[in-house]
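The structure appears below as structure tokens.
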Amino acid sequence: MLQWGGWLGALLLGQLAGHHLARASGPEFQHHRYEDMVRALFAVQSECPYISRIYSIGRSVQGRHLYVLEFSDNPGIHEALEPEFKYVGNMHGNEVLGRELLIQFSQFLCQEYTAGNERITRLVHDTRIHILPSMNPDGYEVAANQGPEFNGYLVGRGNSREQDLNRNFPDLNALMYYYEKSSGRNHHLPLPDNWEQQVEPETLAVIKWMQNYNFILSANLHGGAVVANYPFDKARDPRIRGRTTYAATADDKIFKKLARTYSYAHSWMHKGWNCGDFFEEGITNGASWYSLSKGMQDFNYLYTNCYEITLELSCDKFPPASALQREWLGNREALVSYLEQVHHGIKGMVYDENNNPIANAEISVGGVNHDVTSGVDGDYFRLLLPGTYSVTTSAPGYLPSTRSVTVGPAEAIQLHFYLKPAPKQNQNIKNQNLHGKRNHASKLPVNLGPR
Ligand code: ZN
């Protein structure tokens, strides 16, 4: 029996991967222009048609499709209790390593599944994996036209309208920090009116994607440093200039563990000294590094059930093709181990007394001030560290139900809830003007670090 993330799995993975790498040489490690990337993704799909699917979440400003490659034992279908995971690359068009790693990772999943690698087979069977190698294909082409040697720090970073997509999400932090003062809601915050007109097409596509899939865990791959960066990115008081402050989420310990999972499984990230910077254990809180507004990872946490971290993977934003194989070998185990984290904590179904699933039920964990919700099939997923927790599930029209659960280090514990109808009354009052204070959203100078 294989353990998630266990040494035996790593050993098997190493052996099989070594075997595969012995076959493949040279031409596999190249940069992919848009057409080449699309060809590569479709090639993987046709090589592994029963476990993969390609879909587009929309188009870039210049009309390039934002293609996602999905891996699952039932592609295209959400199966209850099977968590959804995503990797997003190349959000900054000139930060290209993530894009190449995700193409490589897609080929790897297909090949290892075909070869019968138990660890990969199990991942594909138990997880729905979505891979978006390039969120900013237009910016990439601008950067690639300059080539690796001549690429500047900023050329091709934004989309074709030169908008930085990691400064382009609705600012839910401002709303949450405001609510915090009155111990108000801090999850599934509402979007501002007309948000669709306020974001770029690539951002719009990604937000709709988040609305259509109940993602649980995610990573956003960048370059320009080597560190695993976790929320919040935005400082609580961004007016404090020249000084950085740690901005913890209610899930700070979990985020640290997620970041450490990547950094320690990565060949050198955890060592800390990279690119002239030092990050203890190769991880950092976003705001304690430098504060940024309207980033994607904070948005994931405040708007959805998804926990996302931002991975900075290379000092050189556009490394030469000759560096790609080493980078792949340095990141391969980390990409697998991080994905496996989606299977920790607790998960279960929320039913009514007739065994009908209840969507959008709120699952709260005692001592952690951040709730998650059940998906359309009534299933929920809650990442947790080992320990004993009191878990309460509630939904409008039902009596809340509380259960105690002990989480171990292995796979997610299943904990189902059966809610009884509440005596009539108690309608949820909707706050009509949640965004009354949004005008305070700060106008910081855009910080142009790697994130
Ligand atoms: Zn970046």
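Whatever order the structure lists them in is the order used to number ligands and atoms, beginning at 1.
- Annotation: cation-pi geometry satisfied between R99 and Y140 (NZ/CZ under 6.0 angstrom from ring centroid, within 45° of ring axis).
- Taking the centre of each ring, Y55 and H65 stay at or above the 6.0 Å mark.
- Taking backbone and side chain together, P450 holds an N, O or S atom under 2.8 Å from the Zn ion (ligand 1).
- The atom of H222 nearest to the Zn ion (ligand 1) is ND1, with the search restricted to N, O or S atoms.
- Within H92, ND1 is the N, O or S atom that lies nearest to the Zn ion (ligand 1).
- A salt bridge does not link E281 to K256: none of the charged nitrogens lies less than 4.0 Å from a carboxylate oxygen.
- Checking H78 against D379 by side-chain atom types alone, a donor-acceptor pair falls below 3.5 Å.
- The minimum distance between the Zn ion (ligand 1) and any N, O or S atom of E95 involves atom OE1.
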